[in-house]
Amino acid sequence: MAPWFLWHALSSTARLSTVLQILIFLPLTLSTLSKSAFLLLSLLLFLHSLIHGTLVLFWGSPALSIMQVPMHPFLLLVCFNAFSEGVHPWLTMAASWWGKILHWSSPGFIVMEGMSSLLVAQRLGQVGKQLVGEGEGYQFGLLVAAAAAYVASAWWIVVSYPAAAASPLSSTLLGVALTSLIFLTFIGFGLRRTNVIESSCLALIVAYNVWLCGVDDALVLDPALSYTPLLSNILPHLQTLVNFVSNTLPKPVLFALVYRLLVLHFASRILPTIGADSWEDEAGLDDGWEGRPTSKLTHLLLTYRQSIFVTVYSHLLLLDHSSQVWWRWMNIFFTLAIWSVELLVSNEDDAVTKQWKVD
């Protein structure tokens with residue numbers, strides 16, 4: 001039992017080390033070298049994560065998570081050496097093309113985040129619907145939780161309003177978004193195709209995106225604060241390191257990264273459960289859950305999650321404040337549009353809809 005526990009602890013530490021290295025190395029390269037060096041490191045990390053994911057897919061040994069730990073510092077040194085003197089034109093061209101691919105992927109990231117957010121909100125609404133049938137205690141608790149979510153989202157929007165609605169256009173967009181959310185909520189209640197848990201989650205999603213629209217540019221990345229001369233004393237040395245990390249890691253980008261990865265992860269877990277009964281009726285119980293297409297997709301997403309992590313993080317770091325704002329508004333209206341289509345098009349006689357939506 002002891003060797004197994006030791007091996008599990010070592011493997012978990014290695015995975016945590018990998019995440020922290022990626023979180024620090026990418027903004028470190030962007031702030032200390034150049035955008036081209038950052039793109040090259042992002043490309044190398046992405047290629048390495050693809051190779052690592054493929055090995056996990058076909059080999060599946062837990063030793064892979066430990067073996068990959070030295071690779072990230074090695075790739076960082078490769079980048080620093082490549083840009084220390086004259087840069088090879090092929091490296092510059094590869095970095096440039098990778099930057100274009102990340103830029104062109106912006107609509108895809110917005111679609112994935114919007115649909116995943118809606119899917120998670122609907123799953124929470126479904127779970128709440130099931131808990132309500134367990135007793136009045138659950139019903140009262142869920143009503144209080146939904147009311148708290150409504151209040152929190154309203155407070156969040158009010159606090160974010162001065163920065164998010166700094167221009168007439170942005171204030172108009174905010175008004176349209178809030179009006180659409182309120183009308184869609186009442187339409188969903190009238191058609192009995194949503195509940196307070198799902199709609200309160202949508203309100204939180206809108207408030208979160210409005211808050212990101214108002215994040216100031218200086219909070220995203222301040223290269224002037226990214227370096228402080230190191231002193232010989234060990235305590236100031238550690239303090240300098242803490243200051244460097246805290247000023248280099250962009251806090252709003254980290255919030256957006258964590259949120260996007262979480263909703264993608266939960267959505268990948270939810271997808272195989274949609275229409276499970278109908279799949280079993282058609283394919284038979286012998287095929288099992290593993291034979292379903294959504295299960296295979298979930299397995300691939302989880303296997304290559306490190307590649308998704310590197311790509312999403314690199315894309316968020318590349319966006320400037322104005323681009324962040326416009327993509328956030330598009331995310332809000334895309335999510336509301338998908339929700340409106342789902343509310344109006346859902347067929348109440350469909351077996352999957354009856355299970356997935358409220359009665």
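When reading the values below, keep in mind they use all heavy atoms of this one structure, side chains included, and skip hydrogens, waters and symmetry mates. This is a predicted model, so every value here is computed, not measured.
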Is it the case that atom [atom1] in [X] sees more than 12 heavy atoms from other parts of the structure closer than 6.0 Å?
| X | atom1 | result |
| --- | --- | --- |
| K35 | NZ | no |
| M112 | CE | yes |
| M93 | CE | yes |
| F80 | CZ | yes |
| W104 | CH2 | yes |
| M115 | CE | no |

Same cluster for [X] and [Y] if Ile/Leu/Val/Met/Phe/Trp/Tyr side chains link at under 4.5 Å?
| X | Y | result |
| --- | --- | --- |
| F74 | L26 | yes |
| I205 | V158 | no |
| I22 | V78 | yes |
| V127 | L142 | yes |
| I308 | L254 | yes |

* Asked: Between I338 and V111, does a side chain to side chain contact (heavy atoms under 4.5 Å, CB included) hold up when you go through it step by step?
  -> CA-CA 10 Å; I338 293 297; V111 170; over 6 Å; no

For the side chain of [X] and the backbone of [Y], is there at least one donor-acceptor N/O pair under 3.5 Å apart?
| X | Y | value |
| --- | --- | --- |
| T179 | G175 | yes |
| S180 | V176 | yes |
| N195 | G125 | yes |
| S116 | E113 | no |
| S105 | G108 | no |
| T54 | L50 | yes |

* Return the orientation label for the H48 and H72 ring planes: parallel under 30°, perpendicular over 60°, tilted otherwise. => perpendicular

* Asked: According to the interplanar angle, ranging from 0 to 90°, do the rings of W156 and W211 count as parallel (below 30°), tilted (30 to 60°) or perpendicular (above 60°)?
  -> tilted

Any donor-acceptor N or O pair under 3.5 Å, side chains [X], [Y]:
| X | Y | result |
| --- | --- | --- |
| S314 | T311 | no |
| S199 | Y150 | yes |
| Q139 | E134 | no |
| Y259 | S117 | yes |
| S307 | S49 | yes |
| S106 | H315 | yes |

* To do: Kindly determine whether L262 and V120 satisfy side chain to side chain contact (heavy atoms under 4.5 Å, CB included), including the steps that lead there.
  => CA-CA 10 Å; L262 280 177; V120 172; over 6 Å; no

* So, are K129 and E198 salt-bridged, with charged N and O less than 4.0 Å apart? -> no

State, yes or no, whether a side-chain contact exists between [X] and [Y] at a heavy-atom distance under 4.5 Å.
| X | Y | answer |
| --- | --- | --- |
| V196 | F189 | yes |
| L191 | L344 | yes |
| R15 | I66 | no |
| L23 | F309 | yes |
| Y138 | V132 | no |
| L261 | Y313 | no |
| L319 | V253 | no |

Roughly how far, to the nearest 0.5 Å, is the [atom2] atom of [Y] from the [atom1] atom of [X]?
| X | Y | atom1 | atom2 | result |
| --- | --- | --- | --- | --- |
| R123 | I197 | CZ | CD1 | 12.5 Å |
| N209 | I110 | CG | CD1 | 8.0 Å |
| F83 | C79 | CZ | SG | 6.0 Å |
| T335 | N331 | OG1 | CG | 4.5 Å |
| C213 | W326 | SG | CH2 | 9.5 Å |
| L45 | F25 | CG | CZ | 9.0 Å |

* Asked: Taking T194 as the fixed residue, which of L202, L343, T185 is the one that meets the side chain to side chain contact (heavy atoms under 4.5 Å, CB included) rule?
  -> L343

Give me the atom names and distance for the closest heavy-atom approach of [X] to [Y].
| X | Y | value |
| --- | --- | --- |
| A149 | S200 | CB-CB, 3.7 Å |
| L181 | A203 | CD2-CA, 3.8 Å |
| S65 | H52 | N-CE1, 4.1 Å |
| A165 | L174 | CB-CD2, 4.4 Å |
| F38 | T29 | N-CG2, 3.6 Å |
| V310 | S42 | CG1-O, 3.7 Å |

* side chain to side chain contact (heavy atoms under 4.5 Å, CB included) assessment of L316 paired with F109 -> CA-CA 10 Å; L316 290 173; F109 287 125; over 6 Å; no

* To do: For Y208 and S153, run side chain to side chain donor-acceptor pair (under 3.5 Å): C-alpha distance rounded to whole Å, both residues' side-chain angles, the deciding distance at 0.1 Å, then the answer.
  => CA-CA 8 Å; Y208 159 76; S153 60; over 6 Å; no

* **Output field: ring centroids F46/W98 closer than 6.0 Å** => yes

